[in-house]
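Notes follow once the structure below has been shown.
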Amino acid sequence: MSTPVLQIAGLRVEFPGLLRTVKAVRGINLTVTGGTVMGLVGESGSGKSMTAMAALGLIPKPGVVHGSVKVDGFEVVGRRDAELAPLRGGEAAMIFQNPMKALNPFFTVGEQMTDAIRCHLPFDKKAAIKAAIAALESVHLPDPTFTLDKYPHQMSGGQIQRVMIAMALACQPKVLIADEPTTALDVTVQAQIISLLRELVATQDRTILFITHDLGVVASLCDNVAVMYAGEIVETGSVVDVFADPKHPYTQKLMNTVPRLGAGDQNLNFIPGQVPDMGFPPKGCAFHPRCDQADDKCAASAPDYMIFNNDHKAACHRLDEAP
Ligand SMILES: Nc1ncnc2c1ncn2[C@@H]1O[C@H](COP(=O)(O)OP(=O)(O)OP(=O)(O)O)[C@@H](O)[C@H]1O
Ligand code: SF4
Ligand SMILES: [Mg+2]
């Protein structure tokens, strides 16, 4: 039986303000088991990054976190920065959207990689260099020894993202969190990085929380998927189940936004209506202002989850109605 590596329970992230409190994450539960890839999808502002940041105890002030996040059994919520230092980049590594900002421009790739490795693993300098070279080889950077002496400005965005992936993996994390790791790259490079991640998943048995807007990437990379809307998970399950039979009206609409080959422009849909202001999330089901199946009950009360086969579940009042 696979062990849970990342366990999120009742997670809430709020940013109190003078006139309103932004409720970025509103009570989510999510488990990523060892050796699996969980895709976290949803529109901009739905709370994906705040979930990822909470997993590493990185919510910026004045953010407040409630609930529980456990990485390999270690509770993250409520810890001080000093207690979280071994976790960040060690047990849990993160790859960010903009690789250019993630490396320090004043140090070489080699200095930064060996520092990170030695910070988390009991390696001497020689062993750290060896591990860095092996990691750079695994992400297919040509001439790893030469790459170690480079400064970030001497590399392309795609090469730097490969370095970031290598650096994250070299520290042997229990879980890797990738927050839209290809968004800042051009389309061809995006495809190359996704293909690299797919290869690493297939060959290295990695546990990954993969955040993306792109359902196509979820289909090709992930085992399970969680769909977020307005700080909540509205549907979750295996990729096979959710893609074959999306239950929640929001998931169904999200699926319709994926362009299909040869289907023509009419299928390039977007979801009508505005993403809610998380200072004032809608009452009841948060999706009701945009849902064409909404009725009075939807505006009045929040739906519970209904469970289908194999942990496939969705929260919608209309699911218990006969098809
Ligand atoms: N420092 C902050 N102060 C106040 N509100 C914040 C802060 N950071 C994020 N938020 C709000 O929290 C909500 C969730 O943001 P988050 O960054 O998690 O969205 P996301 O799903 O990652 O979106 P995107 O796809 O655009 O990256 C948004 O409404 C955002 O405006
Ligand atoms: S609960 Fe109502 S508003 Fe929400 S998704 Fe279901 S039908 Fe639509
Ligand atoms: Mg984000």
Side-chain angles (χ1 to χ4, degrees), residues 8 11-28 30 39-56 58-65 69 94-98 101 177-184 209-215 217-218 226-235 246-257 270-306 313-323:
I8 297 177
L11 178 69
R12 287 190 289 127
V13 179
E14 296 181 351
F15 293 94
L18 277 182
L19 300 174
R20 61 194 205 137
T21 293
V22 174
K23 299 171 186 81
V25 180
R26 301 190 301 147
I28 68 163
L30 188 72
L40 189 58
V41 291
E43 287 168 296
S44 189
S46 55
K48 305 180 299 295
S49 292
M50 290 304 115
T51 301
M53 302 286 262
L56 276 84
L58 287 172
I59 295 296
K61 283 195 168 65
V64 184
V65 182
V69 177
M94 190 146 168
I95 314 171
F96 293 94
Q97 192 167 333
N98 193 340
K101 285 188 187 159
I177 300 175
D179 189 355
E180 313 229 22
T182 62
T183 313
L209 178 65
F210 193 91
I211 296 172
T212 179
H213 283 103
D214 190 334
L215 282 172
V217 170
V218 172
V227 181
M228 266 190 107
Y229 186 80
E232 298 173 319
I233 290 177
V234 296
E235 181 159 2
K247 301 286 187 187
H248 195 282
Y250 176 65
T251 315
Q252 291 165 359
K253 286 193 184 294
L254 213 53
M255 299 273 183
N256 280 335
T257 62
F270 64 96
I271 304 175
Q274 296 284 322
V275 176
D277 173 352
M278 294 315 292
F280 305 97
K283 295 224 165 16
C285 169
F287 189 52
H288 84 262
R290 302 169 76 187
C291 182
D292 42 27
Q293 299 176 43
D295 59 18
D296 291 349
K297 192 176 175 190
C298 303
S301 68
D304 286 331
Y305 284 108
M306 187 161 170
K313 58 182 184 174
C316 167
H317 286 304
R318 310 285 304 253
L319 290 174
D320 46 4
E321 292 172 11

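Everything quoted here is computed from the prediction, not taken from an experiment. Counting convention: from 1, in listed order, for ligands and their atoms alike.
- Looking only at heavy atoms of the protein, atom 11 (C) of ligand 1 is closest to Val22 CG1, 3.8 Å.
- Annotation: side chain of Arg290 is not in contact with side chain of Lys253 (no heavy-atom distance under 4.5 Å).
- Within ligand 1, the atoms closer than 4.0 Å to a non-hydrogen atom of Met278 are 29 (O), numbered from 1 in the order shown.
- For the Mg ion (ligand 3), the N/O/S atoms of Ser49 include one lying under 2.8 Å.
- Note: no N/O pair closer than 3.5 Å links Ala24 and ligand 1 by distance alone.
- Ligand 1 lies less than 4.0 angstrom from a heavy atom belonging to Ser46.
- Within ligand 2, the atoms closer than 4.0 Å to a non-hydrogen atom of His248 are 5 (S), numbered from 1 in the order shown.
- In this structure, atom 26 (O) of ligand 1 lies nearest to the protein heavy atom Ser44 OG, 2.5 Å.
- Shortest contact from atom 5 (N) of ligand 1 to any protein heavy atom: Phe15 CD1, 3.5 Å.
- Protein N/O/S atoms found under 2.8 Å from atom 2 (Fe) of ligand 2: Cys298 SG.
- Taking atom 28 (C) of ligand 1 as the reference point, the nearest protein heavy-atom neighbour is Gly45 O, 3.8 Å.
- Residue contacts with ligand 1, taken as heavy atom pairs separated by less than 4.0 Å, do not involve Gln97 at all.
- Using a 4.0 Å cut-off between heavy atoms, Met50 contacts ligand 1 through both its backbone and its side chain.
- Of all atoms in ligand 1, listed by their number and element, those nearer than 4.0 Å to a heavy atom of Ser49 are 17 (O), 18 (O), 20 (P), 22 (O), 27 (O).
- Not a single heavy atom of Met228 lies less than 4.0 angstrom from ligand 1.
- Between Gly47 and ligand 1, an N or O atom pair is found at a separation short of 3.5 Å.
- Applying the 4.0 Å criterion to heavy atoms of His213 picks out, from ligand 1, the atoms 25 (O).
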